[in-house]
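What follows is a set of notes on a single structure, which appears directly below.
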Amino acid sequence: MIRKVAFTATLFATASVAATAQARPMTPEDVAKLESVGAIAVSPDGSRVAYTTASLPDVTEGEENGTTTQELSLAWGPDQARAYLPEDVSPSAVHFSPDGQMVSFTWAKDKEDKAVWGVPVAGGAYRKLAAVEDADVSSYAWSPDGTMLYMLVGAASDETRTKESKAGFDAKVYEEEAKLNRLFAARFGESVDESPREIPVPGYVSAFEIAPDGRSAVIETAPTPQIDDNYTSKRVNVIDLSDGDIRTVVETPGKLDDVEYSPDGSQLSMIAGVDVNDPAATTLHLVDVSSGTYRALNEGAEEAAVDAEWLSDGRLAAVIHVGAQSRLRLYNPDGSVAEEIDPGELILTSLEAGGDTLAFSANSPRHPSELFVWNNNAFNRWTSHNPWLSEITFAPQRTMTYTARDGQEVEGILIEALGERPRTGFPTIMMVHGGPEAHYSNGWLTAYSMPGQVGAGQGYAVFHPNYRGSTAYGTAFSKQHTGNYTDPEFADIVDAKRALVAEGITDPDRTGITGGSYGGYASAWGATHDSAEYAAAVMFVGISNQVSKFGTTDIPYEMYNVHSRKWPWDDWQAMLEVSPIYHVDKAETPILIMHGEEDTRVDPSQSFELYRSIKVRKPDTPVRMVLYPGEPHGNRKAASRYDYNLRMMRWFDTYLKTGNRKAPLPAPRPELNLGGDDE
């Protein structure tokens with residue numbers, strides 16, 4: 001039985017004020033200053049929650065460009081919180097000490113290596129707790145008795161290699177100079193342990209957790225640091241903390257996600273794939289620690305396990321996404337379901353536990369991630385960032401199910417445009433997620449690369465299709481993509497357009513498409529093979545040639561296992577035919593191509609290929625390519641994100657809103673609202 005619960009009034013405060021104010025639509029400048037809850041930790045007695053607030057510098061107000069920073073706060077009730085650190089400290093990896101007296105975090109002071117720091121809950125100065133010389137701490141954990149800090153750090157410096165590099169011999173040998181992480185144990189005390197003990201670990205360890213008895217730990221390890229090994233070969237090992245000896249290996253066959261110890265140490269919860277061809281780790285398992293045997297709790301269900309935490313009484317709490325919605329599910333220690341709770345319009349994304357308290361990061365259609373705490377049979381909102389959202393007139397948002405051409409039911413989320421609907425329907429943007437092993441939830445859907453409420457405020461309907469290949473609808477649904485590049489997955493997007501047209505929502509001649517990574521692939525396909533369907537396209541870090549992508553990506557085996565199921569040389573022609581460059585002869589859709597210059601997942605050459613093919617073969621089709629220096633697979637810096645949002649919306653205004661595919665190119669640079677004082 002699913003129990004639907006109420007929210008505290010705090011949840012609706014912003015929404016109700018916004019409904020009354022009817023002040024203005026959202027703008028790209030608003031997106032640039034959004035804040036959200038990041039990391040969460042619950043004190044052992046459940047009385048306090050530490051959390052970070054994530055934000056970017058507001059370049060629209062003249063702040064210096066940079067990446068995301070975090071601010072640490074401690075909360076003890078709804079809207080009862082205070083910041084605990086100076087503004088120049090940007091903490092991550094937040095935890096409580098076992099006695100609950102200190103909040104610890106990682107941070108790199110000035111030009112020092114990243115270390116473990118702590119600040120007393122009762123107030124006082126922060127101080128360094130543990131570090132390893134000449135290495136950054138990537139993650140850490142307290143021993144259960146609070147006497148030790150275990151740290152996962154980078155590889156030791158190579159003095160010979162450093163000397164060579166300074167002399168100009170800085171050549172890199174691709175995939176042959178692996179740098180493996182190391183695990184250390186440091187004594188916790190009044191001063192920093194200057195000689196932490198190294199614990200030998202196998203392969204490349206990316207995560208670990210200390211057992212409740214403090215004598216062993218689980219590590220997540222892969223043969224190398226290569227991302228392909230992380231996807232295809234990462235496994236759980238149980239090791240002895242005294243000498244690093246491996247006690248148990250959990251022989252999972254596919255992708256691996258969250259792993260947690262039960263309170264008595266006898267079991268692990270593990271979110272993993274069911275086989276090597278499972279596109280995503282979405283199935284919740286219980287693992288016997290002594291033997292390594294495991295069993296699935298929700299295999300085959302039309303859902304995705306997102307996060308899990310053990311409670312002190314031995315129950316397991318799990319965040320489950322069921323299509324575009326979310327659930328809180330409680331399991332008994334034996335794996336049977338104790339209770340399932342429907343949080344209504346909230347989209348739960350992560351959880352942490354302490355004492356009898358469950359804390360969540362959750363968003364909704366009207367706010368990004370905030371801190372919620374489950375108590376008194378309700379989800380109580382404890383934080384209220386972005387109070388200016390009360391000024392925004394939000395467009396209606398809802399889930400919608402439609403039938404694809406072969407009879408498959410497909411779900412998506414529609415943000416309707418503000419304003420009166422034209423007789424022919426609204427100009428509509430198809431916002432396509434990446435992966436494709438991902439999904440959209442019916443929550444906050446506005447970001448620098450997602451039109452969301454900005455698009456709606458400018459008169460666009462925005463639809464988010466959870467096409468085949470998406471998660472949260474069961475492994476069978478996500479596997480319908482495997483071995484089927486472009487069809488049925490991209491046909492599902494065209495069928496979504498047709499369903500929206502049939503409802504009178506969408507103008508068939510003014511429909512556009514955008515997305516990043518695999519969504520960029522869909523956008524390139526929409527601008528070439530499906531050009532007749534789309535009046536404008538914006539492609540971000542996308543794929544244009546499945547043959548050359550294989551030779552330039554860092555995930556060839558993952559591509560084979562869960563995407564293509566054949567190598568390019570098995571059928572060169574078939575790989576070409578699912579490549580947008582092969583269909584450039586049909587390309588009448590104006591396309592804006594954007595890419596980070598340092599992308600290793602989808603090499604920028606993919607964008608160059610499509611740009612050059614259209615430029616030469618279809619010289620009358622508007623095309624522009626924008627490169628972001630220093631950016632990887634997705635923009636990280638504030639200026640790059642703001643610039644992207646402006647360019648995306650201007651491209652749609654030029655070609656989609658007008659329906660004029662032959663309109664002149666907009667100016668090379670958008671008008672920036674940088675604010676601040678001119679120097």
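Just so it is clear, the model here is predicted, and its values are computed rather than measured. For this chain, numbers begin at 1 and follow the sequence in order. Hydrogens, waters and symmetry mates are skipped; everything else that's a heavy atom, side chains included, is used.
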| request: Find out whether Val37 and Thr383 are in side-chain contact, i.e. whether some heavy atom of one side chain is under 4.5 Å from a heavy atom of the other. | output: yes
| field | Set of ring pair (Phe, Tyr, Trp, His ring centres under 6.0 Å) partners for Trp444, sequence neighbours left out | value | none
| said: Looking at every non-hydrogen atom in both residues, tell me the closest pair between Ala499 and Tyr402 and how far apart they are. | reply: CB-CB, 3.7 Å
| said: Within this structure, what is the OG1-OH distance for the pair Thr471 and Tyr473, rounded to the nearest 0.5 Å? | reply: 8.5 Å
| request: List the steps, then state whether salt bridge (charged side-chain N to carboxylate O under 4.0 Å, His left out) holds for Glu416 with Arg398. | output: CA-CA 8 Å; Glu416 298 184 19; Arg398 61 183 171 90; 3.1 Å; yes
| request: Kindly write out the residues that satisfy side chain to side chain contact (heavy atoms under 4.5 Å, CB included) with Ser55, not counting sequence neighbours, or none if the list is empty. | output: Glu35, Thr69
| Distance from Ser640 atom OG to Leu627 atom CG, nearest 0.5 Å? | 11.5 Å
| field | side-chain hydrogen bond (donor to acceptor under 3.5 Å, both in side chains) evaluation trace for Thr53 with His385 | value | CA-CA 9 Å; Thr53 300; His385 297 92; 2.9 Å; yes
| message | Measuring from atom OH of Tyr642 to atom OG1 of Thr60, what distance do you get when rounded to the nearest 0.5 angstrom? | response | 6.0 Å
| said: By the definition side-chain contact (heavy atoms from CB on, under 4.5 Å), identify the one residue from Gln453, Gln458, Glu391 that meets it with Met26. | reply: Gln453
| query | Within a strict 4.5 Å, meaning less than it, do heavy atoms of the Thr553 and Asp228 side chains meet? | reply | no
| message | Give me each pair satisfying salt bridge (Lys or Arg N to Asp or Glu O under 4.0 Å) with a member in residues 507-524, each pair once, sequence neighbours excluded. | response | Asp507-Arg510
| In chain order, what residues pass the side chain to side chain contact (heavy atoms under 4.5 Å, CB included) check against Thr658, with sequence neighbours excluded? | Asn660
| said: Could you go through Lys662 and Asp620, starting from their C-alpha distance and side-chain angles, then the distance that decides it, and tell me whether this counts as salt bridge (charged side-chain N to carboxylate O under 4.0 Å, His left out)? | reply: CA-CA 8 Å; Lys662 299 301 180 182; Asp620 293 333; 5.5 Å; no
| Sequence neighbours excluded, which residues qualify as side chain to side chain contact (heavy atoms under 4.5 Å, CB included) partners of Val322? | Glu303, Ile320, Arg327
| Note, Tyr628 side chain near Val626 side chain (heavy atom, < 4.5 Å) | yes
| Any side-chain heavy atom of Met594 sitting closer than 4.5 Å to one from Tyr644? | yes
| request: Working to the nearest 0.5 Å, report the span between CG of Asn484 and NZ of Lys479. | output: 13.0 Å
| field | For Asn65 against Ala639, the heavy-atom pair lying closest together | value | OD1-N, 2.8 Å
| field | Donor-acceptor pair between Gln397 and Asn442 side chains, under 3.5 angstrom | value | yes
| note | Smallest heavy-atom separation, Gly452 atom then Ile415 atom, equals CA-CD1, 3.8 Å
For a quick test of your reading: what N or O donor-acceptor pairs under 3.5 Å do the side chains of residues 531-543 make, sequence neighbours left out?
| residue | atom | partner | partner atom | Å |
| --- | --- | --- | --- | --- |
| Ser531 | OG | Lys586 | O | 3.3 |
| Ser531 | OG | Glu588 | N | 2.9 |
| Ser531 | OG | Thr589 | N | 3.1 |
| Ser531 | OG | Thr589 | OG1 | 2.8 |
| Glu533 | OE1 | Lys497 | NZ | 3.0 |
| Glu533 | OE2 | Arg498 | NH2 | 2.9 |

| Can you pull the salt bridge (Lys or Arg N to Asp or Glu O under 4.0 Å) pairs that have at least one residue in residues 434-445, sequence neighbours excluded? | Lys255-Glu437
| task | May I ask you to test the Ile392-Pro25 pair for a side-chain heavy-atom distance under 4.5 Å? | result | no
| request: Answer yes if the ring centres of Phe372 and Phe360 are under 6.0 angstrom apart, and no otherwise. | output: no
| request: With sequence neighbours excluded, tell me which residues meet side chain to side chain contact (heavy atoms under 4.5 Å, CB included) with Arg468. | output: Ala404, Asp406, Gln408, Phe477, Gln480, Pro488, Asp492
| Does His321 have any ring pair (Phe, Tyr, Trp, His ring centres under 6.0 Å) partners at least two apart in sequence or in another chain, and if so, which? | His439
| task | Compute the ring centroids of Phe490 and His529, then answer whether they are less than 6.0 Å apart. | result | no
| query | His481: what forms a ring pair (Phe, Tyr, Trp, His ring centres under 6.0 Å) with it, not counting sequence neighbours? | reply | Tyr518, His563
| said: Using the rule given for side-chain hydrogen bond (donor to acceptor under 3.5 Å, both in side chains), can you reason through His595 versus Asp599, listing the C-alpha separation, both sets of side-chain angles and the distance that settles it, and then say yes or no? | reply: CA-CA 8 Å; His595 216 121; Asp599 191 351; 3.0 Å; yes
| said: Please check if the number of heavy atoms outside Phe550 that lie under 6.0 Å from its CZ is greater than 12. | reply: yes
| request: Considering non-hydrogen atoms only, spot the tightest contact between Pro57 and Thr67 and give its length. | output: CD-O, 3.5 Å
| Crowded around Glu577 CD? As in, over 12 foreign heavy atoms under 6.0 Å? | yes
| Do the side-chain N and O atoms of Ser548 and Glu609 include a donor-acceptor pair separated by under 3.5 angstrom? | yes
| task | Indicate whether the side chain of Thr600 and that of Asp554 have a donor and an acceptor atom separated by less than 3.5 Å. | result | yes
| task | Taking the side chain as every heavy atom from C-beta outward, state whether Phe394 and Pro365 have any pair of such atoms under 4.5 Å apart. | result | no
| Rounded to the nearest 0.5 Å, how far apart are CG of Leu348 and OG of Ser441? | 9.5 Å
Which pairs would a plain distance check flag for residues 425-432, meaning a side-chain donor or acceptor within less than 3.5 Å of a matching protein atom at least two apart in sequence or in another chain?
| residue | atom | partner | partner atom | Å |
| --- | --- | --- | --- | --- |
| Thr428 | OG1 | Phe426 | O | 3.1 |
| Thr428 | OG1 | Thr506 | OG1 | 2.8 |

| said: I need the full list of salt bridge (Lys or Arg N to Asp or Glu O under 4.0 Å) pairs touching residues 621-647, with sequence neighbours left out, sorted by first then second residue. | reply: Asp643-Arg647
| task | Decide salt bridge (charged side-chain N to carboxylate O under 4.0 Å, His left out) for Asp495 and Arg405; before the verdict, give the C-alpha distance in whole Å, the side-chain angles of both, and the deciding distance to 0.1 Å. | result | CA-CA 7 Å; Asp495 292 342; Arg405 63 193 67 179; 2.8 Å; yes
| Chi angles and distances behind the side-chain hydrogen bond (donor to acceptor under 3.5 Å, both in side chains) call for Glu411, Asn466 | CA-CA 6 Å; Glu411 188 177 48; Asn466 282 334; 4.9 Å; no
| Nearest-0.5 Å distance that lies between atom NZ in Lys549 and atom CD in Gln546 | 6.5 Å
| said: Side chains of Tyr460 and Pro451, heavy atoms from C-beta outward: is any pair under 4.5 Å? | reply: no
| task | Determine, stepwise, if the pair Glu503 / Met400 fulfils side-chain contact (heavy atoms from CB on, under 4.5 Å). | result | CA-CA 11 Å; Glu503 286 200 15; Met400 170 181 159; 4.0 Å; yes
| field | Criterion side-chain hydrogen bond (donor to acceptor under 3.5 Å, both in side chains) on Thr401 and Glu409, from CA distance to verdict | value | CA-CA 7 Å; Thr401 301; Glu409 292 293 303; 5.4 Å; no
